[in-house]
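Working notes, beginning with the structure itself.
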Number of protein chains: 2
Amino acid sequence: MAQSRPMRADARRNYDRLLAAATEAFAEQGENASLDDIAKRAGVGSGTLYRHFPTRLALLEAAYVDRIEALGARADELAEELPPGEALTEWLYELGVATIRMRGMKALLGSAVADGSSAALTACGTAMKGAAARLVEAAQAEGTLRADLEPVELLRLGHGVTTASELANGQGRELRRYLTLLTEGLRPAG
Amino acid sequence: MAQSRPMRADARRNYDRLLAAATEAFAEQGENASLDDIAKRAGVGSGTLYRHFPTRLALLEAAYVDRIEALGARADELAEELPPGEALTEWLYELGVATIRMRGMKALLGSAVADGSSAALTACGTAMKGAAARLVEAAQAEGTLRADLEPVELLRLGHGVTTASELANGQGRELRRYLTLLTEGLRPAG
DNA sequence: GGAAAAGCGGGGACTGTCTCCGTTTAGTGC
DNA sequence: GCACTAAACGGAGACAGTCCCCGCTTTTCC
């Protein structure tokens with residue numbers, strides 16, 4: 001993936017500025033922040049923004065890859081600290097909280113775990129799927145997770161539960177509750 | 001809620017035309033269909049559209065209330081045909097399918113079950129919540145549904161699961177699967 | 001039939017996306 | 001240093017969408 005020729009100095013500078021501006025704007029205004037406005041913040045023309053990041057999703061991904069990778073790494077930390085089943089739940093929780101807090105990230109993760117997600121999103125998608133797969137496998141080996149669950153199903157359900165919790169406006173409290181309901185099921189507690 | 005004075009004939013006519021055009025447009029192009037375009041289809045000016053339906057959600061609601069009420073009624077039909085637990089699952093399934101099929105309906109139902117949904121949406125919201133409450137109560141009485149589940153939680157989780165299934169692009173097949181996972185829980189089958 | 005109320009509608013301000021192309025600039029070889 | 005070239009810039013402008021305003025038309029009611 002290395003550029004055949006390194007980026008020109010001004011291009012590099014603008015790229016970085018755009019990324020910084022985007023992170024800021026997405027955090028403040030959510031995933032629909034105006035792209036022209038981001039260009040303005042970065043002090044570049046909109047043409048420059050669109051050349052570096054042809055779609056909104058591309059920019060979103062570039063702005064959040066490191067966070068996503070951190071979440072992937074976090075999965076492994078949790079796997080060391082906790083028994084597999086708990087590690088998995090806790091990871092889903094942290095993932096959900098991050099999704100809710102970092103307002104731009106929802107669309108990104110959503111399309112990353114969608115069927116037929118664009119090739120541009122492979123980075124985030126594979127990071128997530130890898131982390132999920134490791135946790136799922138461990139929990140299944142331990143016997144605390146149903147054996148027929150696919151990692152990507154877990155991610156999608158996690159996304160769904162996060163969506164449910166967003167509807168409640170409750171910044172995390174509902175998320176825990178809904179995750180419990182998902183893991184335990186809706187049948188009476190046994 | 002009756003108008004103090006009945007609608008003027010031309011107003012009534014335009015209102016109906018707008019509704020028909022909106023239903024068509026939302027079905028074809030999803031919830032983000034252009035409002036000006038809907039006005040054009042109906043053969044009225046955009047001012048007229050905005051006077052009758054001040055927000056997109058208002059139009060969406062007006063276009064779908066009857067479908068929503070039908071879904072509410074369907075809950076009671078199912079309650080008669082099936083044991084409470086199954087009726088509930090089946091209803092969630094039909095609700096999800098409708099949400100996915102009628103492309104404009106997702107946003108509507110989403111805000112209807114969100115905390116602090118606008119006053120304008122009370123009609124759809126209460127219809128849904130009523131239907132859910134009846135099913136929940138019956139299933140809890142039967143003992144096939146955990147006693148601490150609130151109806152609105154069920155609706156939100158249903159919405160979340162539908163979202164999860166949309167990510168899979170699978171038009172219904174995944175929805176059944178994800179609903180099963182929700183009701184049975186992620187623990188190994190007992 | 002005529003006055004007042006109700007309603008119409010499209011022009012226009014505004015915001016956002018995205019492209020095109022003339023201009024500028026960094027890098028390179030001399 | 002200097003000139004040259006390919007890369008990169010940037011902002012004007014085409015387009016699409018939302019939404020409001022207000023002069024004009026239609027309906028209603030007496």
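Lettering follows sequence order; numbering is per chain, from 1.
- With rounding to the nearest 0.5 angstrom, the CZ atom of B:Arg67 is 10.5 Å from the OG1 atom of B:Thr23.
- Expressed to the nearest 0.5 Å, how far CD of B:Glu81 lies from CZ of B:Arg74 amounts to 5.5 Å.
- Sparse packing is recorded around CD of B:Glu137, with 12 or fewer heavy atoms of other residues, nucleotides or ligands lying under 6.0 Å away.
- Separation of atoms CG (B:Leu181) and CZ (B:Arg176) is listed at 13.5 Å; rounding is to 0.5 Å.
- The CG-C1' distance, from A:Leu18 to D:dA8, rounds to 13 Å in whole Å.
- Contact check, A:Thr48 against D:dA8: no side-chain N or O comes under 4.0 Å of OP1 or OP2.
- Residues A:Arg177 and B:Glu150 are not paired through a salt bridge, judged by the lack of any N-O separation under 4.0 Å between the basic side chain and the carboxylate.
- At the phosphate of D:dA8, neither OP1 nor OP2 sits under 4.0 Å from any side-chain N or O atom of A:His52.
- Nucleotide C:dT17 holds its P atom 13 Å from the CG atom of A:Leu60, rounded to whole Å.
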Polar atom pairs (N or O), protein with nucleotides 15-19 of chain D, under 3.5 Å:
| unit_1 | atom_1 | unit_2 | atom_2 | d |
| --- | --- | --- | --- | --- |
| D:dT18 | OP1 | B:Arg56 | NH2 | 2.1 |
| D:dT18 | OP2 | B:Leu35 | N | 2.8 |
| D:dC19 | N4 | B:Asp36 | OD2 | 3.3 |

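- Between the C1' atom of D:dC9 and the CZ atom of A:Arg12 lies a distance of 17 Å, rounded to the nearest Å.
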Below 3.5 Å is the cut-off: list the nitrogen or oxygen pairs between protein and nucleotides 26-30 of chain C, distance only.
| unit_1 | atom_1 | unit_2 | atom_2 | d |
| --- | --- | --- | --- | --- |
| C:dA26 | O4' | A:Arg8 | NE | 3.4 |
| C:dG27 | OP1 | A:Ala9 | N | 3.0 |

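- The separation between B:Arg51 atom CZ and C:dG9 atom P is 8 Å, rounded to whole Å.
- Rounded to an integer number of Å, the gap from A:Leu59 CG to C:dC18 P is 12 Å.
- Only one option out of B:Thr163, B:Thr99, B:Thr162 pairs with B:Lys106 in a side-chain hydrogen bond (donor to acceptor under 3.5 Å, both in side chains); it is B:Thr163.
- Between the CD1 atom of A:Ile38 and the C1' atom of D:dG11 there is a distance of 18 Å, given to the nearest Å.
- Remark: P of D:dG11 and NZ of A:Lys40 are 9 Å apart, rounded to the nearest angstrom.
- The 12-atom threshold is not exceeded at CZ of B:Arg101, counting heavy atoms of other residues, nucleotides or ligands nearer than 6.0 Å.
- Both A:Gly47 and B:Gly47 lie close to DNA chain D; mapped to their nearest nucleotides by heavy-atom distance, the more 5′-ward contact belongs to A:Gly47.
- No more than 12 heavy atoms of other residues, nucleotides or ligands lie within 6.0 Å of CD in A:Glu80, so this atom counts as exposed by the packing criterion.
- Close to D:dA8, at under 4.0 Å from its OP1 or OP2, lies no side-chain N or O of A:Asn14.
- The aromatic rings of B:Tyr15 and B:His52 sit perpendicular to each other, their planes meeting at more than 60°, with 30° as the lower class boundary.
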